[in-house]
Amino acid sequence: MMSQRNSDVPALVETELACAVENVPFTPGQARACTVREVLDRVGGKWSIGVLVAASHGPVRFTELERHIEGISRRMLTLTLRNLERDGLLHRTVYPTVPPKVEYRATPMALELYESLVALTAWAERHRRAIAEARTRYDAEHTG
């Protein structure tokens with residue numbers, strides 16, 4: 001369970017509940033926007049992109065992902081994997097060995113998303129310096 005001190009938790013829970021409650025009268029546009037927002041939040045998340053890109057190259061194990069994705073905690077990796085599996089973007093296979101061997105593989109739906117994620121990460125890499133410089137300029141102009 002996440003700490004209640006995390007200020008994002010209530011907002012995220014409210015959003016998920018508002019989108020998930022069946023008897024809420026959404027207009028068709030509101031329902032579509034809610035669904036699209038949920039999907040983009042999941043696949044565009046800080047850690048999801050790295051997991052999906054890594055899993056798109058073939059089966060990958062938890063420890064490989066942990067080494068590959070810089071800065072991710074074990075807890076956050078576990079949550080990200082569960083959410084991506086729940087959303088149908090990863091398939092988890094547990095092999096009956098001691099200790100158990102677990103592999104994650106991108107589903108066809110995630111493989112379809114792969115090219116877009118690679119393009120997005122390439123764009124971020126190309127423009128990260130310019131964005132950092134723009135932030136520095138903005139902060140210098142707007143701090144009192």
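FYI, the numbering just counts along the sequence from 1. Remember, it's a predicted structure, so these values are computed and weren't measured experimentally.
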Out of curiosity, [X] [atom1] to [Y] [atom2], how far, rounded to the nearest 0.5 Å?
| X | Y | atom1 | atom2 | value |
| --- | --- | --- | --- | --- |
| L81 | L89 | CG | CG | 11.5 Å |
| H91 | M109 | NE2 | CE | 13.5 Å |
| N83 | M76 | CG | CE | 9.5 Å |
| Y95 | E103 | OH | CD | 4.0 Å |
| R92 | R105 | CZ | CZ | 14.5 Å |
| E112 | S56 | CD | OG | 11.5 Å |

Grab the two heavy atoms, one from [X] and one from [Y], that are nearest each other, plus how far apart they are.
| X | Y | result |
| --- | --- | --- |
| L90 | A55 | CD2-CB, 3.6 Å |
| G44 | I49 | O-CD1, 4.0 Å |
| W47 | E70 | CZ3-O, 3.4 Å |
| L111 | A106 | CD2-CB, 3.9 Å |

Ignoring hydrogens and angles, write down the donor-acceptor pairs under 3.5 Å from the side chains of residues 131-141, residues two or more places apart or on other chains.
unit_1: T136; atom_1: OG1; unit_2: A132; atom_2: O; d: 3.0

Exercise for review: Scan side-chain atoms only and decide if Y104 and E85 contain a donor-acceptor pair under the 3.5 Å cut-off.
Suggested key: no
Side chain proximity check, [X] to [Y], heavy atoms < 4.5 angstrom:
| X | Y | answer |
| --- | --- | --- |
| L84 | S48 | yes |
| V51 | L77 | yes |
| R37 | R42 | no |
| L52 | Y114 | no |

Point to revise | Donor-acceptor under 3.5 Å (T107 side chain, G88 main chain) | key: yes
Exercise for review: Report whether V94 and L65 are members of the same hydrophobic cluster (ILVMFWY, side-chain heavy atoms less than 4.5 Å apart, transitive linking).
Suggested key: yes
Review point. Are E66 and R74 close enough, and set up right, to give a salt bridge (Lys or Arg N to Asp or Glu O under 4.0 Å), and what steps lead you there?
Key: CA-CA 7 Å; E66 193 174 31; R74 292 180 76 85; 2.8 Å; yes
